[in-house]
Amino acid sequence: MRQAFEVKYQTGTTELVVAYYPDFIVVEEKYDVNPIVTSWDQFRLKYNACAAWAALTREKRTDKPYDEWVGTIENVKALDEDEFEATHVPLESNQPTGS
């Protein structure tokens with residue numbers, strides 16, 4: 001289970017993060033809901049924001065508490081695989097794959 005997010009801050013900076021299973025557990029525990037949205041009626045902006053924050057926290061890319069962090073956000077966009085691949089910067093050189 002994974003979901004890529006593009007986080008745009010009010011400062012104009014943008015960063016990409018990928019939320020994994022542990023991050024969705026954070027959403028589930030915080031809001032007592034199944035974090036997998038299956039209809040527009042279930043969609044809440046706060047679920048995407050919480051998953052992105054949990055991933056950034058897990059990766060030690062933010063140390064701000066959720067309420068403080070979310071106050072700095074302009075937008076959190078869930079990316080599909082094609083969007084993520086288009087925005088993800090690949091390694092500049094091929095890495096060895098072994099022998």
Side-chain angles (χ1 to χ4, degrees):
M1 170 184 277
R2 74 178 190 174
Q3 175 62 58
F5 292 102
E6 178 186 81
V7 179
K8 185 172 184 181
Y9 294 94
Q10 293 172 8
T11 61
T13 60
T14 301
E15 65 181 328
L16 299 177
V17 67
V18 178
Y20 291 96
Y21 193 81
D23 308 314
F24 291 104
I25 290 173
V26 172
V27 175
E28 189 174 74
E29 290 175 347
K30 182 171 179 61
Y31 295 109
D32 194 27
V33 295
N34 181 343
I36 307 304
V37 174
T38 58
S39 73
W40 278 108
D41 290 338
Q42 297 173 324
F43 178 77
R44 301 292 181 271
L45 292 172
K46 61 187 175 183
Y47 301 159
N48 282 355
C50 186
W53 170 81
L56 289 166
T57 300
R58 178 180 45 77
E59 293 180 2
K60 297 181 180 11
R61 292 165 56 189
T62 187
D63 59 358
K64 292 182 180 181
Y66 175 74
D67 290 334
E68 183 180 334
W69 176 84
V70 81
T72 67
I73 300 303
E74 180 178 316
N75 190 45
V76 176
K77 179 183 177 185
L79 302 176
D80 63 29
E81 289 293 322
D82 291 336
E83 288 176 304
F84 178 69
E85 293 301 324
T87 58
H88 185 260
V89 179
L91 295 172
E92 290 183 17
S93 61
N94 292 336
Q95 298 299 304
T97 57
S99 41

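Keep in mind that the numbers below use all heavy atoms, side chains included, and drop hydrogens, waters and symmetry copies.
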Revision key, fill the gap. By ring-ring contact (aromatic ring centres under 6.0 Å, His included), Tyr20 pairs with (sequence neighbours left out) none
Review point. Do you know which two heavy atoms are closest between Val18 and Arg2, and how far apart they sit?
Key: CG1-CB, 3.9 Å
Exercise for review: Measure the shortest side-chain to side-chain distance between Tyr66 and Val26 over non-hydrogen atoms and say whether it is less than 4.5 angstrom.
Suggested key: no
Exercise for review: Write down the atom of Ala51, the atom of Ala19, and the distance for their closest heavy-atom approach.
Suggested key: O-CB, 3.9 Å
Point to revise | Joint cluster assignment, Phe43 & Val76, ILVMFWY side-chain distance < 4.5 Å | key: yes
Exercise for review: Would you indicate whether Lys8, at its atom NZ, is surrounded by more than 12 heavy atoms from other residues, nucleotides or ligands within a distance under 6.0 Å?
Suggested key: no
Exercise for review: For the residue pair Val17 and Asp23, establish whether any side-chain heavy-atom pair is separated by less than 4.5 Å.
Suggested key: no
**Study point:** With sequence neighbours excluded, residues passing salt bridge (charged side-chain N to carboxylate O under 4.0 Å, His left out) with Arg61
**Key:** Glu15, Glu59
Review point. Are Ile25 and Tyr31 connected in a single hydrophobic cluster, I mean Ile/Leu/Val/Met/Phe/Trp/Tyr linked by side-chain heavy atoms less than 4.5 Å apart?
Key: no
Review point. Are the side chain of Gln10 and the backbone of Gly71 linked by a donor-acceptor contact shorter than 3.5 Å?
Key: yes
Check your understanding: Has the side chain of Thr13 got a donor or acceptor atom that lies under 3.5 Å from a matching backbone atom of Tyr9?
Key -> no
Study note, to complete from the structure: When every non-hydrogen atom of Trp53 is compared with those of Pro65, the smallest separation belongs to NE1-C, 3.9 Å
Exercise for review: Could you grab the distance from atom CD of Glu29 to atom SG of Cys50, nearest 0.5 Å is fine?
Suggested key: 10.0 Å
Check your understanding: To the nearest 0.5 Å, how far apart are CG in Asn48 and CD in Gln3?
Key -> 7.0 Å
Check your understanding: Hey, any chance Val33 and Ile36 share a hydrophobic cluster, counting ILVMFWY side chains that come within less than 4.5 Å of each other, even indirectly?
Key -> no
Review point. Side chains of Gln42 and Tyr47: closer than 4.5 Å at any heavy-atom pair?
Key: no
Check your understanding: Under the ring-ring contact (aromatic ring centres under 6.0 Å, His included) test, which residues partner Tyr21, sequence neighbours left out?
Key -> none
Practice item. Over all heavy atoms of both residues, which pair between Thr14 and Glu6 is shortest? Give the atoms and the distance, please. Key: CG2-CG, 3.4 Å
Study note, to complete from the structure: To the nearest 0.5 Å, atom NZ of Lys64 lies from atom CG of Leu56 at 11.5 Å
Check your understanding: Heavy atoms, side chains only, cut-off 4.5 Å: are Ile73 and Val7 in contact?
Key -> yes
